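Numbers here are sequence positions counted from 1. A quick note: this is a predicted structure, and the numbers were derived from the prediction, not measured.
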Amino acid sequence: MRAFEILTRVAFGIASLTLMALAGALIVYAGIGVWDSFLVPDRDIGTTALQAVGYTVIATAVFDVGKYLLEEEAIRGREMRNAGEARRSLTKFISTIIIAVLLEALVAVFEAGKQDPRLMIYPTFLLLAGATLIVGLGIYQRLSADAEVKVRDPVEND
């Protein structure tokens with residue numbers, strides 16, 4: 001059983017480092033695209049910069065997923081934690097995803113607004129998805145905090 005745990009941690013470590021490297025590659029690609037837009041006179045720098053923001057946002061989310069996998073699965077393993085620590089860890093992870101979704105929606109709004117207002121359906125759904133994630137996270141926070149209190153301070157039945 002110990003060999004399987006080591007193999008699992010190594011696999012998660014490799015996957016997380018791969019995700020982090022790919023996130024770095026996306027940021028480099030975005031930077032190269034912006035740099036190239038300054039060198040080509042007919043290229044729209046604004047559009048390229050917005051695309052670079054989108055790539056950077058996605059890279060940040062991918063990097064955070066890799067970091068999460070490295071911290072929680074490769075380094076710490078599946079050791080038992082208390083509910084509060086698990087809630088904080090999950091909240092931090094989901095918050096990063098929410099930020100990425102909302103920033104991507106913002107970039108999509110600007111791109112769609114420049115091209116054709118009929119293209120606003122995708123950014124609108126992204127904004128709705130982000131808002132739904134925020135509401136869901138709030139409900140999760142509330143329910144899990146209430147459950148923690150009940151576990152710590154059980155009501156005594158007399």
Side-chain angles (χ1 to χ4, degrees), residues 1-40 43-112 114-115 119-141 143-145 147-148:
M1 191 60 156
R2 180 80 177 133
F4 181 72
E5 182 181 335
I6 291 171
L7 180 66
T8 303
R9 286 185 178 202
V10 168
F12 274 118
I14 291 170
S16 65
L17 293 175
T18 301
L19 285 173
M20 290 177 181
L22 289 171
L26 269 177
I27 291 173
V28 169
Y29 178 75
I32 290 171
V34 171
W35 180 258
D36 286 347
S37 69
F38 286 113
L39 301 177
V40 177
R43 200 161 178 193
D44 183 14
I45 295 172
T47 301
T48 306
L50 279 175
Q51 288 174 343
V53 168
Y55 285 133
T56 304
V57 167
I58 291 168
T60 302
V62 169
F63 186 85
D64 196 55
V65 169
K67 183 177 135 243
Y68 177 82
L69 287 175
L70 187 64
E71 289 175 348
E72 298 297 325
E73 298 295 338
I75 295 173
R76 294 179 69 179
R78 294 181 182 263
E79 63 189 39
M80 296 300 279
R81 298 183 299 267
N82 64 31
E85 187 179 346
R87 180 175 48 85
R88 284 188 295 276
S89 178
L90 184 62
T91 299
K92 188 171 116 177
F93 176 71
I94 294 296
S95 295
T96 302
I97 300 302
I98 291 170
I99 290 167
V101 166
L102 291 175
L103 284 175
E104 178 62 23
L106 185 61
V107 169
V109 163
F110 287 125
E111 287 178 350
K114 283 185 173 184
Q115 295 174 6
L119 299 175
M120 292 294 290
I121 191 75
Y122 171 70
T124 302
F125 280 128
L126 272 178
L127 287 170
L128 287 172
T132 303
L133 284 169
I134 290 172
V135 170
L137 181 60
I139 292 169
Y140 168 75
Q141 284 279 15
L143 293 175
S144 62
E148 284 178 51

Can you confirm whether [X] sits close enough to [Y] that some side-chain heavy atom of one is under 4.5 Å from a side-chain heavy atom of the other?
X    : Y    : result
I32  : V28  : yes
V57  : I99  : no
L127 : L102 : yes
I14  : L17  : no

Please find the pair of heavy atoms, one from [X] and one from [Y], that lie closest to each other, and give the distance.
X    : Y    : result
P123 : A112 : CG-CB, 4.2 Å
A59  : L26  : CB-CB, 3.8 Å
G54  : V107 : N-CG2, 4.2 Å
I58  : E104 : CD1-OE1, 4.1 Å
T48  : G33  : CG2-O, 3.2 Å
L126 : V101 : O-CG1, 3.6 Å

Is it true that atom OH of Y140 has more than 12 heavy atoms of other residues, nucleotides or ligands lying nearer than 6.0 Å?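 Counting neighbours around OH of Y140, more than 12 heavy atoms of other residues, nucleotides or ligands fall under 6.0 Å, so yes.
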Would one find more than 12 heavy atoms of other residues, nucleotides or ligands at under 6.0 Å from atom CZ of F93?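 More than 12 heavy atoms, drawn from other residues, nucleotides or ligands, come within 6.0 Å of this atom.
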Roughly how far apart are [X] [atom1] and [Y] [atom2], rounded to 0.5 Å?
X    : Y    : atom1 : atom2 : value
E111 : Q115 : CD    : CD    : 6.5 Å
I134 : I98  : CD1   : CD1   : 5.5 Å
R87  : L143 : CZ    : CG    : 11.0 Å
T56  : Q51  : OG1   : CD    : 11.5 Å
T132 : F125 : OG1   : CZ    : 11.0 Å
S16  : L69  : OG    : CG    : 6.0 Å

Please determine whether side chain to side chain contact (heavy atoms under 4.5 Å, CB included) holds for the pair L137 and L90, giving the CA-CA distance in whole Å, both sets of side-chain angles, and the decisive distance to 0.1 Å. CA-CA 9 Å; L137 181 60; L90 184 62; over 6 Å; no
